[in-house]
Amino acid sequence: MGVRKRNSADLRKAEQKTVAFAKLTNIPTSPRKMRLVADMVRGVEVNRALGILKFSNKEAAARLEKLLRSAIANWEAKNERKADAGELYVSTIFVNCAPMLKRLRTAPQGRGYRIRKRANHVTLIVDTIDNKNAKKA
């Protein structure tokens, strides 16, 4: 392997070491409601985000709090050490639609109303603060 290839591979590995992610699939909440909560913690430092989610009165906040704790644990397992206070932030969080369950509810005169039970997938990526500052420069 050439020197340039090796250097770029080493840089990619070092960058992947600072990033950890967690996914949550098929959550029985509409994506629209989940995005409202996801927007509250996007780009925020991890400890602050946990506080926001803990004291939010939205149902989706409890699920996102658990997902964020999972992402932090994944980062700690990947780097083999505990995360210091103020070291991590939520770099990316996005909500996608999952397959919809289509049902019929009976209606008068032999009709049926469509009921769409929506679900979503959430992906949350945690990164270190020094990478955030390096990306801005």
Atom pair [atom1]/[atom2] of [X] and [Y] - distance to nearest 0.5 Å:
{"X": "Asn26", "Y": "Leu101", "atom1": "CG", "atom2": "CG", "value": "9.0 Å"}
{"X": "Asn47", "Y": "Glu87", "atom1": "CG", "atom2": "CD", "value": "10.5 Å"}
{"X": "Leu64", "Y": "Lys58", "atom1": "CG", "atom2": "NZ", "value": "12.5 Å"}
{"X": "Asn74", "Y": "Lys23", "atom1": "CG", "atom2": "NZ", "value": "12.0 Å"}
{"X": "Ile52", "Y": "Glu65", "atom1": "CD1", "atom2": "CD", "value": "11.5 Å"}
{"X": "Tyr89", "Y": "Ile129", "atom1": "OH", "atom2": "CD1", "value": "7.0 Å"}

For the student: nearest non-hydrogen atoms of [X] and [Y], plus distance:
{"X": "Arg63", "Y": "Leu24", "answer": "O-CD2, 4.1 Å"}
{"X": "Ala61", "Y": "Val37", "answer": "CA-CG1, 3.8 Å"}
{"X": "Val90", "Y": "Val46", "answer": "N-CG2, 4.4 Å"}
{"X": "Ala22", "Y": "Ser70", "answer": "CB-OG, 3.9 Å"}
{"X": "Glu76", "Y": "Ala83", "answer": "OE2-N, 3.2 Å"}
{"X": "Val95", "Y": "Arg35", "answer": "O-NH2, 3.1 Å"}

Are the side chain of [X] and the backbone N or O of [Y] linked by a donor-acceptor pair below 3.5 Å?
{"X": "Arg103", "Y": "Ile115", "value": "no"}
{"X": "Asn120", "Y": "Thr29", "value": "yes"}
{"X": "Ser91", "Y": "Ile125", "value": "yes"}
{"X": "Lys78", "Y": "Val19", "value": "yes"}
{"X": "Arg118", "Y": "Pro31", "value": "no"}

Check: Yes or no on side chain to side chain contact (heavy atoms under 4.5 Å, CB included) for Leu68 and Val41, after CA distance, side-chain angles and deciding distance?
Finding: CA-CA 10 Å; Leu68 180 57; Val41 296; 5.9 Å; no
Note to self: Within the supplied structure, the quantity of interest is the number of heavy atoms (other residues, nucleotides, ligands) at a distance under 6.0 Å from Glu59 CD; does it exceed 12?
What the structure shows: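 Open.
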Checklist line | CZ (Arg81) with more than 12 external heavy atoms under 6.0 Å | finding: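 Result for CZ/Arg81: enclosed.
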Margin query: Could you go through Trp75 and Thr128, starting from their C-alpha distance and side-chain angles, then the distance that decides it, and tell me whether this counts as side chain to side chain contact (heavy atoms under 4.5 Å, CB included)?
Written below: CA-CA 10 Å; Trp75 186 90; Thr128 55; 3.7 Å; yes
Check: Between Asn7 and Arg4, does a side chain to side chain contact (heavy atoms under 4.5 Å, CB included) hold up when you go through it step by step?
Finding: CA-CA 5 Å; Asn7 289 341; Arg4 281 191 293 161; 5.6 Å; no
Item checked: Check: Leu50 and Ile72 side chains under 4.5 Å, non-hydrogen atoms -> yes
Check: Would a 4.5 Å heavy-atom cut-off, applied to side chains only, mark Arg114 and Leu104 as touching?
Finding: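 In short, these two side chains touch, coming nearer than 4.5 Å.
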Next item on the list: Before giving the answer on side chain to side chain contact (heavy atoms under 4.5 Å, CB included), spell out for His121 and Ile27 the whole-Å C-alpha distance, their side-chain angles and the decisive distance to 0.1 Å.
Entry: CA-CA 6 Å; His121 305 306; Ile27 308 167; over 6 Å; no
